[in-house]
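Let me begin by presenting the structure, written as C-alpha coordinates, before commenting on it.
This structure is a prediction, so every number in the text was calculated from the model and none was measured. The figures that follow rest on heavy atoms only: side chains count, while hydrogens, waters and symmetry mates do not. Lettering of chains follows the sequences in order, A, B, ..., and the numbering in each one begins at 1.
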Amino acid sequence: MIKLSENNYDEVLDLVFNKALSDNNLIKEHMYLRSDYIPDNLPFRESQIISIGQSLSPILRNTKCSNLLLYGKTGTGKTVVAKYVTNKLIQRTHELNLKVRLAYTNTRIAGTSYRVLSNLADSINLEIPFTGIAVGEVLQRIIDRISQNKYIIIFVLDEIDYLVKTYGDNLLYELTRSSDKFSPGSLSIIGISNDLQFKEYLDTRVLSSLSEEELVFPPYTTEELRAILEQRSKLAFSKQTYSSGAINLCAALAGSEHGDARRAIDLLRISAEIAEREEGDNQLEEKHVRIALQKIDRDRTYDALNSLPLQAKIVLLSVLYFDSTISTGDVYNKYCDTCKKIGIEILTHRRISGLLSELDLLGLITGSVISQGRYGRSKRIHALISFQTVKEVFVEDPVISPLL
DNA sequence: CGTCCACAGGAATGACGGGCGG
DNA sequence: CCGCCCGTCATTCCTGTGGACG
(Lines give C-alpha, C1' and ligand atoms only; values in the text may rest on other atoms or scores of the structure.)
Protein backbone atom coordinates (compact mmCIF):
# COMPACT_ATOMS: atom_id res chain seq x y z
CA MET A 1 0.00 0.00 0.00
CA ILE A 2 1.45 3.32 -1.04
CA LYS A 3 1.15 6.08 1.46
CA LEU A 4 0.15 9.28 -0.21
CA SER A 5 2.34 12.20 0.49
CA GLU A 6 0.05 14.96 1.64
CA ASN A 7 2.70 17.61 1.30
CA ASN A 8 3.07 17.01 -2.41
CA TYR A 9 -0.60 17.57 -3.03
CA ASP A 10 -0.52 20.59 -0.82
CA GLU A 11 2.01 22.20 -3.06
CA VAL A 12 0.20 21.37 -6.28
CA LEU A 13 -3.15 22.46 -4.94
CA ASP A 14 -1.66 25.66 -3.63
CA LEU A 15 -0.46 26.41 -7.11
CA VAL A 16 -3.87 25.70 -8.61
CA PHE A 17 -5.73 27.72 -5.99
CA ASN A 18 -3.30 30.61 -6.14
CA LYS A 19 -3.69 30.76 -9.85
CA ALA A 20 -7.46 30.90 -9.48
CA LEU A 21 -7.13 33.73 -6.98
CA SER A 22 -4.59 35.77 -8.90
CA ASP A 23 -5.79 38.82 -10.76
CA ASN A 24 -4.20 38.08 -14.08
CA ASN A 25 -6.70 35.39 -14.99
CA LEU A 26 -8.00 35.43 -18.50
CA ILE A 27 -11.61 34.81 -17.59
CA LYS A 28 -13.01 37.44 -15.28
CA GLU A 29 -16.67 36.47 -15.38
CA HIS A 30 -17.67 32.97 -16.42
CA MET A 31 -21.33 33.84 -16.56
CA TYR A 32 -21.01 35.78 -19.81
CA LEU A 33 -19.50 32.80 -21.57
CA ARG A 34 -22.52 30.63 -20.99
CA SER A 35 -24.80 30.20 -23.95
CA ASP A 36 -27.88 30.49 -21.73
CA TYR A 37 -26.92 33.90 -20.41
CA ILE A 38 -29.44 36.56 -21.40
CA PRO A 39 -27.65 39.81 -22.27
CA ASP A 40 -29.31 43.17 -21.77
CA ASN A 41 -28.78 43.88 -25.37
CA LEU A 42 -29.53 41.24 -27.96
CA PRO A 43 -27.96 42.26 -31.23
CA PHE A 44 -29.41 41.40 -34.66
CA ARG A 45 -32.75 40.30 -33.25
CA GLU A 46 -34.43 43.64 -33.08
CA SER A 47 -37.25 42.83 -35.49
CA GLN A 48 -38.06 39.56 -33.73
CA ILE A 49 -38.06 41.25 -30.33
CA ILE A 50 -40.41 43.93 -31.56
CA SER A 51 -42.72 41.41 -33.22
CA ILE A 52 -42.99 39.25 -30.15
CA GLY A 53 -43.45 42.32 -28.00
CA GLN A 54 -46.34 43.45 -30.17
CA SER A 55 -47.91 40.00 -30.13
CA LEU A 56 -47.74 39.85 -26.35
CA SER A 57 -48.84 43.39 -25.64
CA PRO A 58 -52.57 42.57 -25.29
CA ILE A 59 -51.52 40.95 -22.02
CA LEU A 60 -50.90 44.39 -20.57
CA ARG A 61 -54.54 45.22 -21.20
CA ASN A 62 -55.39 42.06 -19.31
CA THR A 63 -56.59 40.13 -22.34
CA LYS A 64 -55.37 37.02 -24.04
CA CYS A 65 -52.69 37.34 -26.67
CA SER A 66 -52.30 35.26 -29.80
CA ASN A 67 -50.49 31.97 -29.74
CA LEU A 68 -47.07 32.25 -31.26
CA LEU A 69 -44.70 29.93 -33.07
CA LEU A 70 -40.98 30.62 -33.30
CA TYR A 71 -38.93 28.73 -35.86
CA GLY A 72 -35.25 28.48 -36.49
CA LYS A 73 -32.29 26.18 -36.26
CA THR A 74 -30.35 25.67 -33.06
CA GLY A 75 -28.43 28.64 -31.79
CA THR A 76 -30.41 31.26 -33.70
CA GLY A 77 -31.57 32.97 -30.54
CA LYS A 78 -35.14 31.72 -30.27
CA THR A 79 -35.01 30.73 -26.64
CA VAL A 80 -33.00 33.71 -25.48
CA VAL A 81 -35.26 36.16 -27.31
CA ALA A 82 -38.40 34.50 -25.94
CA LYS A 83 -37.04 34.63 -22.40
CA TYR A 84 -35.86 38.19 -22.84
CA VAL A 85 -39.20 39.51 -24.04
CA THR A 86 -41.33 37.54 -21.61
CA ASN A 87 -39.16 38.61 -18.68
CA LYS A 88 -39.53 42.26 -19.64
CA LEU A 89 -43.25 41.80 -20.02
CA ILE A 90 -43.56 40.18 -16.62
CA GLN A 91 -41.72 43.11 -15.05
CA ARG A 92 -44.31 45.47 -16.50
CA THR A 93 -47.21 43.34 -15.37
CA HIS A 94 -45.85 43.43 -11.82
CA GLU A 95 -45.92 47.21 -11.95
CA LEU A 96 -49.48 47.09 -13.21
CA ASN A 97 -50.48 44.46 -10.69
CA LEU A 98 -51.86 42.05 -13.25
CA LYS A 99 -52.40 38.38 -12.60
CA VAL A 100 -50.06 37.27 -15.32
CA ARG A 101 -47.97 34.14 -14.87
CA LEU A 102 -45.13 32.89 -17.01
CA ALA A 103 -44.37 29.21 -17.43
CA TYR A 104 -41.38 27.91 -19.30
CA THR A 105 -40.61 24.33 -20.16
CA ASN A 106 -38.25 22.58 -22.48
CA THR A 107 -40.23 19.57 -23.59
CA ARG A 108 -37.17 17.51 -24.40
CA ILE A 109 -35.73 18.05 -20.94
CA ALA A 110 -39.11 17.62 -19.23
CA GLY A 111 -39.40 14.36 -21.13
CA THR A 112 -43.07 13.50 -20.85
CA SER A 113 -46.43 15.23 -21.27
CA TYR A 114 -46.95 14.78 -17.56
CA ARG A 115 -43.84 16.71 -16.60
CA VAL A 116 -44.61 19.43 -19.14
CA LEU A 117 -47.93 19.98 -17.41
CA SER A 118 -46.22 19.77 -14.06
CA ASN A 119 -44.06 22.74 -15.04
CA LEU A 120 -47.16 24.64 -16.03
CA ALA A 121 -48.76 23.82 -12.69
CA ASP A 122 -45.70 25.11 -10.82
CA SER A 123 -46.13 28.53 -12.36
CA ILE A 124 -49.56 28.92 -10.76
CA ASN A 125 -48.47 27.40 -7.45
CA LEU A 126 -50.55 24.34 -8.02
CA GLU A 127 -48.99 21.30 -6.45
CA ILE A 128 -49.45 18.06 -8.25
CA PRO A 129 -47.95 14.70 -7.27
CA PHE A 130 -44.89 13.48 -9.17
CA THR A 131 -46.94 10.62 -10.41
CA GLY A 132 -50.18 8.82 -9.76
CA ILE A 133 -52.85 10.85 -11.49
CA ALA A 134 -53.80 10.78 -15.13
CA VAL A 135 -52.59 13.48 -17.51
CA GLY A 136 -56.18 14.52 -18.22
CA GLU A 137 -56.83 14.99 -14.51
CA VAL A 138 -53.75 17.19 -14.15
CA LEU A 139 -54.92 19.32 -17.04
CA GLN A 140 -58.38 19.64 -15.53
CA ARG A 141 -56.94 20.83 -12.21
CA ILE A 142 -54.81 23.39 -14.03
CA ILE A 143 -57.78 24.66 -16.00
CA ASP A 144 -59.90 24.94 -12.86
CA ARG A 145 -57.16 26.83 -11.09
CA ILE A 146 -56.70 29.25 -13.98
CA SER A 147 -60.44 29.97 -14.22
CA GLN A 148 -60.84 30.41 -10.47
CA ASN A 149 -57.98 32.85 -10.10
CA LYS A 150 -58.48 34.51 -13.48
CA TYR A 151 -54.85 34.00 -14.32
CA ILE A 152 -53.43 35.14 -17.63
CA ILE A 153 -50.85 32.52 -18.53
CA ILE A 154 -48.03 32.65 -21.03
CA PHE A 155 -46.73 29.16 -21.57
CA VAL A 156 -43.43 28.87 -23.40
CA LEU A 157 -42.91 25.41 -24.87
CA ASP A 158 -39.31 25.08 -25.97
CA GLU A 159 -38.35 22.31 -28.40
CA ILE A 160 -42.03 21.77 -29.00
CA ASP A 161 -41.20 19.60 -32.01
CA TYR A 162 -39.82 16.98 -29.64
CA LEU A 163 -43.09 16.82 -27.72
CA VAL A 164 -45.11 16.42 -30.88
CA LYS A 165 -42.82 13.86 -32.49
CA THR A 166 -42.70 11.58 -29.47
CA TYR A 167 -46.13 12.03 -27.92
CA GLY A 168 -48.22 13.35 -30.79
CA ASP A 169 -50.25 16.53 -30.68
CA ASN A 170 -52.84 15.44 -28.11
CA LEU A 171 -51.52 17.66 -25.36
CA LEU A 172 -51.27 20.67 -27.66
CA TYR A 173 -54.79 20.00 -28.86
CA GLU A 174 -56.10 19.97 -25.30
CA LEU A 175 -54.15 23.07 -24.36
CA THR A 176 -55.26 25.12 -27.33
CA ARG A 177 -58.83 23.95 -26.97
CA SER A 178 -58.91 24.60 -23.25
CA SER A 179 -58.09 28.23 -23.83
CA ASP A 180 -61.61 28.73 -25.16
CA LYS A 181 -63.13 27.21 -22.06
CA PHE A 182 -62.39 29.86 -19.51
CA SER A 183 -63.63 33.34 -20.10
CA PRO A 184 -61.99 34.76 -17.04
CA GLY A 185 -58.36 33.82 -17.35
CA SER A 186 -56.51 32.66 -20.43
CA LEU A 187 -53.67 30.54 -21.68
CA SER A 188 -51.42 31.64 -24.52
CA ILE A 189 -48.74 29.43 -25.95
CA ILE A 190 -45.38 30.38 -27.36
CA GLY A 191 -44.00 27.35 -29.19
CA ILE A 192 -40.34 27.15 -30.10
CA SER A 193 -39.26 24.69 -32.75
CA ASN A 194 -35.91 23.75 -34.23
CA ASP A 195 -37.57 21.82 -36.97
CA LEU A 196 -38.91 23.87 -39.83
CA GLN A 197 -41.08 21.02 -41.07
CA PHE A 198 -42.61 20.35 -37.69
CA LYS A 199 -45.99 21.73 -38.73
CA GLU A 200 -46.59 18.63 -40.81
CA TYR A 201 -46.94 16.59 -37.66
CA LEU A 202 -49.81 18.72 -36.41
CA ASP A 203 -53.51 18.29 -36.85
CA THR A 204 -54.91 21.21 -38.87
CA ARG A 205 -57.08 22.39 -35.97
CA VAL A 206 -54.10 22.51 -33.63
CA LEU A 207 -51.97 24.13 -36.28
CA SER A 208 -54.38 26.93 -37.04
CA SER A 209 -54.83 27.67 -33.38
CA LEU A 210 -51.17 27.42 -32.46
CA SER A 211 -49.68 29.38 -35.31
CA GLU A 212 -51.85 32.46 -35.13
CA GLU A 213 -48.57 34.25 -35.52
CA GLU A 214 -45.31 32.88 -36.79
CA LEU A 215 -41.78 34.13 -36.69
CA VAL A 216 -38.70 32.75 -38.36
CA PHE A 217 -35.23 33.18 -36.87
CA PRO A 218 -32.57 33.19 -39.58
CA PRO A 219 -29.10 31.83 -38.82
CA TYR A 220 -26.54 34.37 -37.73
CA THR A 221 -23.98 35.37 -40.34
CA THR A 222 -20.30 34.99 -39.54
CA GLU A 223 -20.04 38.73 -39.16
CA GLU A 224 -22.93 38.78 -36.67
CA LEU A 225 -21.41 35.93 -34.71
CA ARG A 226 -18.17 37.85 -34.55
CA ALA A 227 -19.96 40.85 -33.08
CA ILE A 228 -21.75 38.68 -30.53
CA LEU A 229 -18.50 37.07 -29.44
CA GLU A 230 -16.86 40.46 -29.25
CA GLN A 231 -19.62 41.65 -26.94
CA ARG A 232 -19.29 38.61 -24.69
CA SER A 233 -15.49 38.83 -24.65
CA LYS A 234 -15.55 42.40 -23.45
CA LEU A 235 -17.73 41.37 -20.55
CA ALA A 236 -16.01 38.13 -19.71
CA PHE A 237 -12.30 38.68 -20.19
CA SER A 238 -9.75 40.95 -18.64
CA LYS A 239 -8.62 43.66 -20.99
CA GLN A 240 -6.11 42.90 -23.73
CA THR A 241 -6.09 39.18 -23.09
CA TYR A 242 -7.71 38.02 -26.27
CA SER A 243 -6.74 38.38 -29.88
CA SER A 244 -9.29 39.37 -32.49
CA GLY A 245 -7.92 36.54 -34.58
CA ALA A 246 -9.16 34.04 -32.01
CA ILE A 247 -12.61 35.63 -31.95
CA ASN A 248 -12.76 35.69 -35.73
CA LEU A 249 -11.85 32.05 -35.92
CA CYS A 250 -14.56 31.04 -33.43
CA ALA A 251 -17.10 32.99 -35.46
CA ALA A 252 -15.92 31.54 -38.75
CA LEU A 253 -15.98 27.97 -37.50
CA ALA A 254 -19.47 28.28 -36.04
CA GLY A 255 -20.65 30.28 -39.02
CA SER A 256 -19.51 27.66 -41.47
CA GLU A 257 -21.94 25.17 -39.96
CA HIS A 258 -25.19 27.05 -39.82
CA GLY A 259 -24.70 30.23 -37.85
CA ASP A 260 -25.12 28.61 -34.47
CA ALA A 261 -24.46 31.15 -31.74
CA ARG A 262 -24.57 28.56 -28.99
CA ARG A 263 -21.79 26.64 -30.65
CA ALA A 264 -19.78 29.81 -31.19
CA ILE A 265 -20.06 30.76 -27.53
CA ASP A 266 -19.25 27.25 -26.31
CA LEU A 267 -16.21 27.25 -28.55
CA LEU A 268 -15.10 30.58 -27.15
CA ARG A 269 -15.49 29.37 -23.57
CA ILE A 270 -13.60 26.12 -24.09
CA SER A 271 -10.83 27.96 -25.94
CA ALA A 272 -10.51 30.42 -23.07
CA GLU A 273 -10.40 27.62 -20.53
CA ILE A 274 -7.63 25.93 -22.45
CA ALA A 275 -5.68 29.18 -22.75
CA GLU A 276 -6.14 29.86 -19.08
CA ARG A 277 -4.77 26.51 -17.99
CA GLU A 278 -1.73 26.94 -20.12
CA GLU A 279 1.49 28.15 -18.53
CA GLY A 280 2.57 31.63 -19.40
CA ASP A 281 0.93 34.90 -20.25
CA ASN A 282 -2.73 33.86 -20.48
CA GLN A 283 -3.45 35.13 -23.94
CA LEU A 284 -6.31 33.70 -25.96
CA GLU A 285 -4.90 32.89 -29.38
CA GLU A 286 -6.07 31.12 -32.50
CA LYS A 287 -4.16 27.99 -31.59
CA HIS A 288 -6.33 27.57 -28.49
CA VAL A 289 -9.46 27.73 -30.62
CA ARG A 290 -8.16 24.97 -32.86
CA ILE A 291 -7.44 22.77 -29.87
CA ALA A 292 -10.89 23.53 -28.47
CA LEU A 293 -12.58 22.60 -31.72
CA GLN A 294 -10.86 19.23 -31.71
CA LYS A 295 -11.73 18.72 -28.08
CA ILE A 296 -15.42 19.47 -28.66
CA ASP A 297 -15.62 17.12 -31.63
CA ARG A 298 -13.76 14.39 -29.81
CA ASP A 299 -15.89 14.71 -26.68
CA ARG A 300 -19.04 14.60 -28.72
CA THR A 301 -18.24 11.38 -30.54
CA TYR A 302 -16.71 9.89 -27.42
CA ASP A 303 -19.91 10.48 -25.46
CA ALA A 304 -22.09 9.24 -28.27
CA LEU A 305 -20.07 6.03 -28.62
CA ASN A 306 -19.61 5.45 -24.94
CA SER A 307 -23.25 5.76 -24.02
CA LEU A 308 -24.33 3.31 -26.69
CA PRO A 309 -26.07 0.20 -25.35
CA LEU A 310 -24.17 -3.05 -25.81
CA GLN A 311 -26.26 -4.31 -28.71
CA ALA A 312 -25.91 -1.02 -30.58
CA LYS A 313 -22.14 -1.23 -30.17
CA ILE A 314 -22.10 -4.69 -31.72
CA VAL A 315 -24.27 -3.50 -34.59
CA LEU A 316 -21.94 -0.57 -35.19
CA LEU A 317 -18.92 -2.87 -35.21
CA SER A 318 -20.70 -5.11 -37.68
CA VAL A 319 -21.17 -2.13 -39.99
CA LEU A 320 -17.53 -1.14 -39.60
CA TYR A 321 -16.38 -4.66 -40.44
CA PHE A 322 -17.12 -3.88 -44.09
CA ASP A 323 -15.37 -0.95 -45.67
CA SER A 324 -17.83 -0.33 -48.47
CA THR A 325 -21.55 0.38 -48.58
CA ILE A 326 -23.63 -2.60 -47.46
CA SER A 327 -27.24 -3.67 -46.95
CA THR A 328 -29.17 -4.35 -43.76
CA GLY A 329 -29.03 -8.06 -44.53
CA ASP A 330 -25.23 -8.02 -44.68
CA VAL A 331 -25.08 -6.25 -41.36
CA TYR A 332 -27.49 -8.71 -39.78
CA ASN A 333 -25.49 -11.75 -40.87
CA LYS A 334 -22.26 -10.25 -39.62
CA TYR A 335 -24.02 -9.24 -36.42
CA CYS A 336 -25.23 -12.81 -35.80
CA ASP A 337 -21.70 -14.17 -36.28
CA THR A 338 -20.32 -11.60 -33.87
CA CYS A 339 -22.90 -12.42 -31.22
CA LYS A 340 -22.16 -16.12 -31.45
CA LYS A 341 -18.44 -15.42 -31.15
CA ILE A 342 -18.75 -13.61 -27.85
CA GLY A 343 -21.77 -15.57 -26.63
CA ILE A 344 -24.39 -12.86 -26.60
CA GLU A 345 -28.07 -13.24 -27.23
CA ILE A 346 -29.04 -12.55 -30.84
CA LEU A 347 -31.77 -10.00 -31.41
CA THR A 348 -34.30 -10.10 -34.22
CA HIS A 349 -33.96 -8.55 -37.63
CA ARG A 350 -36.62 -6.02 -36.79
CA ARG A 351 -34.69 -4.83 -33.78
CA ILE A 352 -31.43 -4.51 -35.72
CA SER A 353 -33.28 -2.45 -38.28
CA GLY A 354 -34.37 -0.18 -35.45
CA LEU A 355 -30.88 0.03 -33.96
CA LEU A 356 -29.48 0.96 -37.36
CA SER A 357 -32.00 3.80 -37.56
CA GLU A 358 -30.90 5.00 -34.13
CA LEU A 359 -27.24 4.96 -35.18
CA ASP A 360 -28.28 6.92 -38.24
CA LEU A 361 -29.99 9.54 -36.06
CA LEU A 362 -26.83 9.86 -33.98
CA GLY A 363 -24.88 10.56 -37.15
CA LEU A 364 -22.57 7.58 -36.67
CA ILE A 365 -23.73 5.86 -39.83
CA THR A 366 -25.86 6.90 -42.75
CA GLY A 367 -28.36 4.92 -44.75
CA SER A 368 -30.78 5.44 -47.59
CA VAL A 369 -33.46 3.12 -48.84
CA ILE A 370 -32.77 1.82 -52.33
CA SER A 371 -34.80 -0.53 -54.44
CA GLN A 372 -33.01 -3.15 -56.48
CA GLY A 373 -36.13 -4.37 -58.19
CA ARG A 374 -36.23 -8.11 -58.33
CA TYR A 375 -33.51 -8.20 -55.67
CA GLY A 376 -35.61 -6.42 -53.10
CA ARG A 377 -35.68 -3.14 -51.31
CA SER A 378 -33.10 -2.46 -48.67
CA LYS A 379 -31.16 0.23 -46.93
CA ARG A 380 -27.68 1.02 -48.20
CA ILE A 381 -25.55 1.74 -45.17
CA HIS A 382 -22.11 3.09 -44.61
CA ALA A 383 -20.22 4.28 -41.54
CA LEU A 384 -19.41 7.92 -40.94
CA ILE A 385 -16.63 7.27 -38.44
CA SER A 386 -13.44 5.30 -38.66
CA PHE A 387 -12.87 1.93 -37.08
CA GLN A 388 -9.87 3.47 -35.35
CA THR A 389 -12.00 6.04 -33.48
CA VAL A 390 -14.51 3.43 -32.40
CA LYS A 391 -11.78 1.10 -31.29
CA GLU A 392 -10.29 3.70 -28.97
CA VAL A 393 -13.57 4.01 -27.12
CA PHE A 394 -14.70 0.40 -27.21
CA VAL A 395 -11.53 -1.11 -25.75
CA GLU A 396 -12.84 0.07 -22.40
CA ASP A 397 -15.88 -2.16 -22.74
CA PRO A 398 -14.99 -5.59 -21.34
CA VAL A 399 -17.58 -7.39 -23.45
CA ILE A 400 -16.59 -5.75 -26.70
CA SER A 401 -12.82 -5.54 -26.31
CA PRO A 402 -12.10 -9.19 -27.32
CA LEU A 403 -13.43 -8.31 -30.78
CA LEU A 404 -10.91 -5.59 -31.45
C1' DC B 1 -48.06 -5.84 -66.68
C1' DG B 2 -48.05 -8.59 -62.74
C1' DT B 3 -44.91 -10.81 -59.54
C1' DC B 4 -42.07 -10.98 -55.90
C1' DC B 5 -37.65 -9.86 -53.49
C1' DA B 6 -35.83 -8.02 -49.18
C1' DC B 7 -36.48 -5.42 -46.61
C1' DA B 8 -38.81 -0.69 -44.06
C1' DG B 9 -41.14 0.55 -40.37
C1' DG B 10 -45.92 0.91 -37.64
C1' DA B 11 -48.77 -1.30 -33.84
C1' DA B 12 -49.53 -4.19 -30.15
C1' DT B 13 -47.68 -6.65 -26.59
C1' DG B 14 -44.50 -8.51 -23.07
C1' DA B 15 -40.38 -8.74 -19.82
C1' DC B 16 -37.79 -6.18 -16.62
C1' DG B 17 -36.03 -2.77 -13.41
C1' DG B 18 -36.63 1.57 -10.83
C1' DG B 19 -39.10 4.97 -8.09
C1' DC B 20 -43.03 6.30 -5.28
C1' DG B 21 -46.98 6.37 -2.17
C1' DG B 22 -49.20 3.87 1.32
C1' DC C 1 -41.95 -3.77 2.34
C1' DC C 2 -45.47 -4.22 -1.15
C1' DG C 3 -48.04 -3.25 -4.95
C1' DC C 4 -48.47 0.02 -8.65
C1' DC C 5 -47.16 2.60 -12.48
C1' DC C 6 -43.83 4.06 -15.76
C1' DG C 7 -40.24 3.93 -19.15
C1' DT C 8 -37.11 1.08 -21.83
C1' DC C 9 -35.88 -2.60 -24.63
C1' DA C 10 -37.17 -6.23 -27.37
C1' DT C 11 -40.44 -9.50 -29.89
C1' DT C 12 -44.18 -10.72 -32.93
C1' DC C 13 -47.08 -9.72 -36.46
C1' DC C 14 -48.11 -7.01 -39.86
C1' DT C 15 -48.76 -4.02 -44.10
C1' DG C 16 -46.32 -1.38 -47.61
C1' DT C 17 -43.30 -0.74 -51.56
C1' DG C 18 -39.90 0.43 -56.05
C1' DG C 19 -38.62 -1.64 -59.77
C1' DA C 20 -35.98 -5.68 -62.41
C1' DC C 21 -37.42 -9.81 -64.15
C1' DG C 22 -40.21 -12.99 -66.63
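Under the 4.0 Å criterion applied to side-chain N and carboxylate O atoms, A:R300 and A:D297 are assigned as salt-bridge partners. At a threshold of 4.0 Å, the pair A:D337-A:K341 does not count as salt-bridged, since none of the basic side-chain nitrogens sits closer than that to a carboxylate oxygen. No salt bridge links A:K234 with A:E230; every basic N to acidic carboxylate O contact stays at or beyond 4.0 Å.
In this structure, A:F44 and A:Y220 have perpendicular ring planes: the angle between them is above 60°, well past the 30° mark.
The interatomic distance linking A:I370 (CD1) with B:dG9 (P) rounds to 13 Å, in whole Å. Taking atom CG on A:L355 and atom P on C:dA10, their separation rounds to 6 Å, with Å as the unit. The nearest whole Å value for the distance from the CD atom in A:E358 to the C1' atom in C:dA10 is 11 Å. Between the P atom of B:dC7 and the CZ atom of A:R377 lies a distance of 12 Å, rounded to the nearest Å. Nucleotide C:dA20 holds its P atom 12 Å from the CZ atom of A:R374, rounded to whole Å. Taking atom NZ of A:K379 as the reference point, atom P of B:dC7 lies 12 Å away to the nearest angstrom. For the pair A:E345 CD and C:dT11 C1', the computed distance is 10 Å after rounding to whole Å. Atom pair A:L361:CG and B:dG9:P shows a separation of 10 Å (rounding to whole Å applied).
Considering only side-chain N and O atoms, A:T348 lies nowhere under 4.0 angstrom from the phosphate OP1 or OP2 of C:dA10.
Under the side chain to side chain contact (heavy atoms under 4.5 Å, CB included) rule, A:I314 has a single partner from A:L347, A:I352, A:V399, A:I400, which is A:I400.
If you check C:dT11, C:dG16, C:dG19 against the side chain of A:L347, the one that comes closest is C:dT11. Residue A:Y375 places its side chain closer to C:dC21 than to any other of C:dA10, C:dC21, B:dC7. Comparing atom distances between the A:S371 side chain and each of B:dC7, C:dC21, C:dG18 picks out C:dG18 as nearest. When the nucleotides C:dC13, C:dG18, B:dC7 are ranked by their closest atom to the side chain of A:R350, C:dC13 comes out on top.
Judged purely by distance below 3.5 Å, without hydrogens or angles, the side chains of A:H258 and A:T76 never pair a donor atom with an acceptor atom.
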Side-chain donor/acceptor pairs under 3.5 Å, residues 80-103 of chain A, sequence neighbours excluded:
{"residue": "A:Y84", "atom": "OH", "partner": "A:D40", "partner atom": "O", "Å": "3.2"}
{"residue": "A:T86", "atom": "OG1", "partner": "A:A82", "partner atom": "O", "Å": "2.6"}
{"residue": "A:T86", "atom": "OG1", "partner": "A:K83", "partner atom": "O", "Å": "3.1"}
{"residue": "A:N87", "atom": "ND2", "partner": "A:K83", "partner atom": "O", "Å": "3.1"}
{"residue": "A:T93", "atom": "OG1", "partner": "A:I90", "partner atom": "O", "Å": "2.6"}
{"residue": "A:K99", "atom": "NZ", "partner": "A:N149", "partner atom": "O", "Å": "3.1"}

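Contacts between residues 313-336 of chain A and DNA chain B, counted as heavy-atom distances below 4.0 Å, involve A:S327, A:T328, A:G329.
Within the 4.0 angstrom heavy-atom criterion, no nucleotide atom of any strand lies near A:I352.
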